[in-house]
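Note that these values count all heavy atoms, side chains included, but never hydrogens, waters or copies made by symmetry. A quick note: this is a predicted structure, and the numbers were derived from the prediction, not measured.
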Amino acid sequence: MKTKKMRSLLCLALTALMLLLPACSQEEKEEAPEEVLLPISFNGKEIRVGETTVQTLLDEGLDVSWVDENYERITVDPTMQLEPKSYYTGGSIKVTDRMSFSISFATEDEAVTLGEAVIARLELNMAAEDDKDVLKNISFDGTPVTEWTQAKAAERYPDWTGNEVMWLHYGLDYKYDLNFDMATGQMSGFTVTRVYDVDWNG
């Protein structure tokens, strides 16, 4: 009799525990902080990867072009229709004759025009440009790129990982890749990517 009673109590305790665990898990999931989007700015114009559209860039007077199927660089046509859940590479925002932002566009569940497509990835390689007056007008997370060093990045983002030439964060929604010159420690480029569920097969 005692054994049966003990088994019943044990089963009851296990059932309560099983019901409690999903509730705790759900609570932890709800309390998990959202990933923060770190903005880029160029000449005072903010670019938010995953939010800013191609049309916004054009409206702000930025020189946006992309490479077509013949590998020729052409000015974008914002009325061009794009496929849903697709990813387009080969775009650029001209900064100077020697340097441009490389950009990719993404679409979600519905077909949209190129103008409505959002910037899914933005990359800047600063190696070709040595004019500090140009570079100081480009900011990452509110700080001019001329002021970024690997040490500053490690201090600002202590939960990221990397080494003396890079500082990385690969989250669920956003990926950040900051690159630094080994000799000087100064920033040499960066990449910001918003993760999308798209058809990579085209």
Side-chain angles (χ1 to χ4, degrees), residues 34-68 72-82 86-108 112-150 152-153 156-157 160 166-171 173-181 186-196 198:
E34 290 185 10
E35 288 185 71
V36 177
L37 169 60
L38 305 179
I40 311 304
S41 67
F42 167 47
N43 288 341
K45 298 174 175 66
E46 190 174 76
I47 304 172
R48 298 176 64 83
V49 174
E51 296 179 11
T52 299
T53 65
V54 174
Q55 188 62 57
T56 299
L57 300 178
L58 295 172
D59 290 345
E60 290 180 343
L62 298 180
D63 185 352
V64 185
S65 60
W66 73 332
V67 176
D68 66 12
E72 293 181 4
R73 189 158 297 279
I74 57 173
T75 301
V76 298
D77 174 5
T79 65
M80 176 182 174
Q81 198 74 14
L82 303 182
S86 297
Y87 201 90
Y88 296 82
T89 61
S92 67
I93 306 169
K94 182 179 179 180
V95 179
T96 67
D97 289 336
R98 294 180 291 182
M99 184 177 69
S100 297
F101 290 101
S102 296
I103 56 174
S104 299
F105 323 123
T107 61
E108 298 195 78
V112 297
T113 63
L114 178 55
E116 296 172 299
V118 295
I119 306 304
R121 183 177 185 275
L122 182 146
E123 179 180 2
L124 180 66
N125 185 331
M126 297 152 48
E129 184 57 69
D130 54 10
D131 188 338
K132 298 296 183 185
D133 288 334
V134 171
L135 295 176
K136 72 181 181 183
N137 290 318
I138 301 170
S139 295
F140 176 85
D141 194 18
T143 301
V145 294
T146 52
E147 298 177 18
W148 277 105
T149 62
Q150 195 278 340
K152 186 181 186 77
R156 177 91 66 96
Y157 313 116
W160 293 18
M166 65 182 68
W167 204 242
L168 315 172
H169 173 69
Y170 286 1
D173 296 319
Y174 298 100
K175 295 182 179 180
Y176 300 97
D177 187 337
L178 310 184
N179 303 113
F180 302 90
D181 182 270
Q186 296 290 316
M187 179 177 276
S188 59
F190 60 82
T191 304
V192 181
T193 305
R194 172 73 160 87
V195 179
Y196 280 90
V198 298

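- Within 6.0 Å of CD in E51 there are more than 12 heavy atoms belonging to other residues, nucleotides or ligands.
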Notebook entry, point to check: side-chain contact (heavy atoms from CB on, under 4.5 Å) between L57 and T52: does it pass, once the steps are laid out?
Noted result: CA-CA 8 Å; L57 300 178; T52 299; 3.9 Å; yes

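- Residues D173 and V195 are not in side-chain contact: their nearest non-hydrogen atoms beyond the backbone lie 4.5 Å or more apart.
- For the atom pair NE2 of H169 and CD of E35, the computed distance is 4.5 Å after rounding to the nearest 0.5 Å.
- Contact check on R98 versus D131 returns no salt bridge, with no Lys/Arg side-chain nitrogen under 4.0 Å from an Asp/Glu carboxylate oxygen.
- Within the 4.5 Å cutoff, the side chain of L62 has no heavy atoms near those of the F101 side chain.
- The distance from the CG atom of D177 to the CG atom of L168 is 5.0 Å, given to the nearest 0.5 Å.
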Next item on the list: Kindly determine whether Y157 and W167 satisfy ring-ring contact (aromatic ring centres under 6.0 Å, His included), including the steps that lead there.
Entry: CA-CA 9 Å; Y157 313 116; W167 204 242; 8.7 Å; no

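- Tested against L58, the residues T75, V64, L114 include a single side-chain contact (heavy atoms from CB on, under 4.5 Å) partner, V64.
- Shortest non-hydrogen contact noted between T107 and A117 is CG2-CB, 4.5 Å.
- Partner E123 forms a side-chain contact (heavy atoms from CB on, under 4.5 Å) with one of S100, S102, S92 and no other, that one being S102.
- Using a 30° and 60° split on the angle between ring planes, F140 and F190 fall in the tilted class, from 30° to 60°.
- With contacts defined as side-chain heavy-atom distances shorter than 4.5 Å, the pair V54/I119 qualifies.
- Closest non-hydrogen pair, W148 versus A153, comes out as CZ3-CA, 3.7 Å.
- In this structure the side chain of Y176 reaches within 4.5 angstrom of the side chain of L37, judged on heavy atoms.
- Across every non-hydrogen atom of E46 and P39, the tightest pair is OE2-CB, 3.5 Å.
- Counting heavy atoms from C-beta on, the side chains of M187 and N179 never come closer than 4.5 Å.
- Here the CD atom belonging to E116 is positioned 12.5 Å from the CD atom belonging to E108, to the nearest 0.5 angstrom.
- Minimum heavy-atom separation, G91 to F105: CA-CZ, 4.1 Å.
- Side chains of M99 and I138 form a contact here, defined as non-hydrogen atoms less than 4.5 Å apart.
- At a threshold of 4.5 Å between non-hydrogen side-chain atoms, the residues F42 and I40 do not count as touching.
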Notebook entry, point to check: Can R156 and L178 be said to form a side-chain contact (heavy atoms from CB on, under 4.5 Å), step by step?
Noted result: CA-CA 12 Å; R156 177 91 66 96; L178 310 184; over 6 Å; no

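- Residues M80 and W66 are in side-chain contact: their nearest non-hydrogen atoms beyond the backbone lie under 4.5 Å apart.
- Minimum heavy-atom separation, E147 to K152: O-CD, 3.3 Å.
- Heavy-atom minimum distance, V49 versus R121: CG1-N, 4.0 Å.
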